[in-house]
Amino acid sequence: MLPKKYKAKESEPRWQKYWSENNVFAFDPNSKSEVYSIDTPPPTVSGVLHIGHVYSYTQAEIVARYQRMKGKNVFYPFGFDDNGLPTERFVEKKNKVRGKDLKRSEFNDLCRTTVAELEEQFRTMWSALGFSADWNLCYSTIEENCQRISQRSFLDLLKKGLVDYREEPNMWCVTSQTAVAQAELDSVEQESTFNDLKFDIKEGGEIIIGTTRPELLPSCVCIFVHPDDPRYKDRLGKTAIVPIFGHEVPILADEKADMEKGTGAVMCCTFGDKTDIEWFKKHKLPLRVSITPYGKMTDLAGQFAGLKIKEARKAVLSKLNEDGILLNSKSIVHAVNVHERSGTEIEYLSTRQWFIKLMERKDELVALADKIEWYPAFMKQRYVHWVENLGWDWCISRQRFFGVPFPVWHCKDCCQMLLPEDSQLPVDPQEQAYPGECTNCGSSNIEPDRNIMDTWATSSVTPQINYRWGENDSREEHLAPMSMRPQAHDIIRTWAFYTMVKAYYHQNDIPWKDIMISGHVLYKKGQKISKSKGNSKSGPEQLIDQYSADVIRYWTAGAKLGSDCYFEENEFKIAAKLVTKIFNASKFALMHLESLEKFDETKITVAIDRAMMSRLSKTASRADQFLSQYEYSLALSEIEGFFWDFCDNYMELIKHRIYNPQEHGEGAGESVQNSLYAIVYGVIRMLAPFIPHITEEIYQAYFKQREKHVSLHLADYPNGKKSWVDEQAEKVYEEACQFVAVVRKFKTEQRLSLNTELTEIQYLRTQFGLFREAQNDIQRAARCDNVKAMDSLDDVGSLVEFEGKLLRIGNPIEEEA
RNA sequence: GGGCGUUUAGCUCAGUUGGCUAGAGCACCUGCCUUACAAGCAGGGGGUCAGAGGUUCGAGUCCUCUAACGCCCACCA
């Protein structure tokens, strides 16, 4: 039997342990049941988990539990994304070191031990939330298996001609000192100055250009004006002399020069922005590099060499001003692309990098979106929009330390690429020499590729990692494509997109059938919760400790799929209330079900009991429908609505009958017992995915010995029995509720206790035509034996009118003093 | 500048393919210790459904325009 009070703090860990000991959530590779597989996001191991993680992970977890109860063989893994720049930066900060100052192997060891600690914390928290993961399926992206699959992925793309190793201008972060990809850019508003500079023209005259980056003057290779710009027609083809630096550059025409902007004349440099790169390629301009990978000026900058970019900007400006070159300078705020990890302005450097080709296959990648079901549907638009606007192939090489190495060596003599056999993977070319000589020229002058992969290059193969692609594992046929990818909307352009690219290029297929996109948790207006922000008070551990896992879980299920929600502590109180209510209601019901040997639905004969079966059935079918569409919040509110009606109305109606069955006729007691059984068992199953602990507690205390499932979470999810639907019975129930409501209102208005016995109630028969179908229950719920039906208003005598229902309420036995 | 989303009670949000008098929870007000629960229960007040126009017998719901807010992208001389 259930104890007097429910203590979540004691119960929740107990059931978590029970689930784990009984392997309740294990994926069964040999099962014949339909597989439901989830491509769980491996969180970046770069800080503590925050409430936003809890929010989106729990939403997916609810789906996992639901699908399991639908009889599916659920594949629900967890993983850790523990390599790459974010992790490096975390390790550097935590240990107060710089990766580049340590030996590579030393730094990598430090990374491994640091992430191992953090991963243990993550895992503890997922367990504390009652996540039904199969921890045997756990992976970490830096482990050997994942490195092997990641390198296999690379080699496969190389073989298919979908990877390029080429030198070209690319986005570069001078702080992180690595190439980056388009998806890693952030746009921020930055203060700057817009400067008008005077260039002398060799043939005579001058031309004035506007620029925000005067420090790039040494890199100036050309001046562009619009071909139709009348102001500059006379100067086209002439030669301008770059101030300070004195080199000569041509004045050329290009449509992309904007007549409206600045003076209409613009200098083209190596490289100020994306347009400079386009012009560089289109007009075959020379290369004048004035910025080093470290963000300092090169020798080309003459007297400014060695200065940092921003210092140089200042110095150049003041020199220009001295020389009378700077004609005008105004402060502006403009958008600048920065690297999302360092916040540093992106530079464009010509370097040699590995690229996965995207540009030539954009159409196919856009079309791929239609083969996947997006929940909510409008999120597909984000993907399409991103892919359509892609401007670069995917640069996957990073000049960093802790990550998956490229399984490549290069022949220094003939530049031949030398690759390992699949059986040798994973390899680290910087640690292992190439086994042999150059296959092209026979040279033994071989060097390793020193790049590591973009962290997304590995995390984009999580489906392949999950089904152990290329490892001769039977999972592959069961799991490809996977059933569902849960993730938040901010990484559609990275994780979702890259995963789709990989599956399309490798398997010529979609990675998963469904994608479920969750929103963010916001503190207040527009403030995203992030790891860096203070979250000591709202940290998940603290919240679980304060409110219990079930309560936190309930809150995460409250917001509609895909929509952001505010962190509102008040919401937790509502959840706590529900948990308490479920416990108390169940306690009441089970108290009266001790004598019930075996549930028998045919014994449910009384009208209002059948009405509840009907409502239960409809609720279950709607909840089931919603959940199958990932609309967990709508499902939850259906179930809650049913449950609260059950507590407030039905339980009050049947109270007398359950205590005094003999006064209600043959079978009336058995009817209500079986009804209660069906309702409580139905409700705890419907709520099990949302609040798994309290529901398990109730199941184990009573239902287990009758239903025989090891855990409630292995029972079937109710889907609504059509045979239980009974519209006529529901009408009886509705009338009964209305009748009782009028009586309650009367008592409340008369300031009477609700259990006050009334002497007589008269009602108009035409208003409550079905009264007799539930007469005993209604009378006792109304606390009045003497309830009389009248055929006409005249018969009712002195009437009291409430809400159009005509009643005569007799005087209470105990008059107020 | 382009795209997507949102706008319903003081707050947070439901409202299916158009269909009784627009709902819930929280908050507020008034009562009630009632044999599951006072961490509870009953009752009540509170809304020009962002605005304008249109389609329709009928619009919170469909169409057009407008506005505000949020997000994504572009803009970066």
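Below, read A as the first sequence line, B as the second, and so on, with proteins coming before strands; counting in each chain starts at 1. The structure presented is a predicted model; accordingly, all values stated were derived computationally and were not measured.
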Counting only Watson-Crick or G-U wobble pairs whose two distances fall under 3.5 Å, which nucleotide matches [N]?
N     : answer
B/G19 : B/C57
B/G31 : B/C41
B/C11 : B/G25
B/U6  : B/A68

One thing to verify: whether [Y] and [X] come together as a salt bridge, which I'm taking to mean a side-chain N less than 4.0 angstrom from a carboxylate O.
X        : Y        : result
A/Asp609 : A/Arg657 : yes
A/Asp196 : A/Lys330 : no
A/Lys618 : A/Glu730 : yes
A/Asp645 : A/Arg615 : yes
A/Lys655 : A/Asp777 : no

For [N], does either OP1 or OP2 sit under 4.0 Å from a side-chain N or O belonging to [X]?
X        : N     : value
A/Lys560 : B/G15 : yes
A/Lys745 : B/G31 : no
A/Gln182 : B/A74 : yes

| task | Taking atom types as modelled, find out whether A/Asn584 and A/Tyr6 have a side-chain donor-acceptor pair closer than 3.5 angstrom. | result | no
| task | Check salt bridge (charged side-chain N to carboxylate O under 4.0 Å, His left out) between A/Asp624 and all other residues, then give those that pass, not counting sequence neighbours. | result | A/Lys70
Span that lies between the [atom1] atom of [M] and that of [N], in whole angstrom:
N     : M     : atom1 : answer
B/U12 : B/C37 : C1'   : 26 Å
B/G58 : B/G70 : C1'   : 34 Å
B/C13 : B/A22 : C1'   : 14 Å
B/C20 : B/G1  : P     : 42 Å
B/C49 : B/A14 : C1'   : 13 Å
B/G10 : B/G46 : C1'   : 9 Å
B/G51 : B/A39 : C1'   : 44 Å
B/G31 : B/C11 : P     : 27 Å

Heavy atoms only, 4.0 Å cut-off, all strands: where does [X] land among base, sugar-phosphate and nothing?
X        : value
A/Phe194 : sugar-phosphate
A/Glu189 : nothing
A/His385 : base
A/Leu634 : sugar-phosphate

| Pick the nucleotide of RNA chain B nearest each of A/Lys4 and A/Phe378; which residue has the one closer to the 5' end? | A/Phe378
| message | If you assign each of A/Phe224 and A/Arg382 to its closest nucleotide in RNA chain B, which residue comes earlier from the 5' end? | response | A/Arg382
Between [X] ([atom1]) and [N] ([atom2]), how many Å, whole number?
X        : N     : atom1 : atom2 : result
A/Asp490 : B/C71 : CG    : C1'   : 11 Å
A/Leu217 : B/A77 : CG    : P     : 15 Å
A/Asp564 : B/U7  : CG    : P     : 14 Å
A/Glu345 : B/A77 : CD    : P     : 10 Å
A/Met267 : B/C76 : CE    : C1'   : 13 Å
A/Gln546 : B/A39 : CD    : C1'   : 14 Å
A/Met379 : B/C72 : CE    : C1'   : 10 Å
A/Asp186 : B/A74 : CG    : P     : 11 Å

Side chain of [X] only, please: which of [options] is the nearest?
X        : options             : answer
A/Ser753 : B/U34, B/G43, B/C13 : B/U34
A/Lys261 : B/U34, B/G43, B/C76 : B/C76
A/Ile332 : B/G31, B/A77, B/G43 : B/A77

| When the ring planes of A/Tyr677 and A/Tyr681 are compared, do they come out parallel, tilted or perpendicular, using 30° and 60° as the limits? | tilted
| task | Indicate the ring-plane relationship of A/His489 and A/His520, choosing parallel, tilted or perpendicular according to the 30° and 60° boundaries. | result | perpendicular
| said: For A/Lys256 and A/Asp254: C-alpha separation, side-chain torsions, deciding distance, then whether salt bridge (Lys or Arg N to Asp or Glu O under 4.0 Å) applies. | reply: CA-CA 5 Å; A/Lys256 272 215 143 184; A/Asp254 192 285; over 6 Å; no
| note | What residues 635-656 of chain A contributes to the RNA chain B interface at heavy-atom separation below 4.0 Å is A/Trp644, A/Cys647, A/Asp648, A/Met651, A/Glu652, A/Lys655
| For RNA chain B, which residues in residues 571-589 of chain A have a heavy atom at a distance below 4.0 Å? | A/Ile574, A/Lys577, A/Lys581, A/Asn584, A/Ala585, A/Lys587, A/Phe588
| message | Quick check: any donor-acceptor pair below 3.5 Å linking the side-chain of A/Ser187 to the base of B/C76? | response | no
| message | I'd like to know if A/Asn337 reaches the base of B/C76 with its side chain, counting only an N/O donor and acceptor under 3.5 Å. | response | yes
| Quick check, are the ring centers of A/Tyr554 and A/Phe690 under 6.0 angstrom apart? | no
| note | Exactly one of A/Val225, A/Ile223, A/Asn195 clears side chain to side chain contact (heavy atoms under 4.5 Å, CB included) with A/Ile209, and that residue is A/Ile223
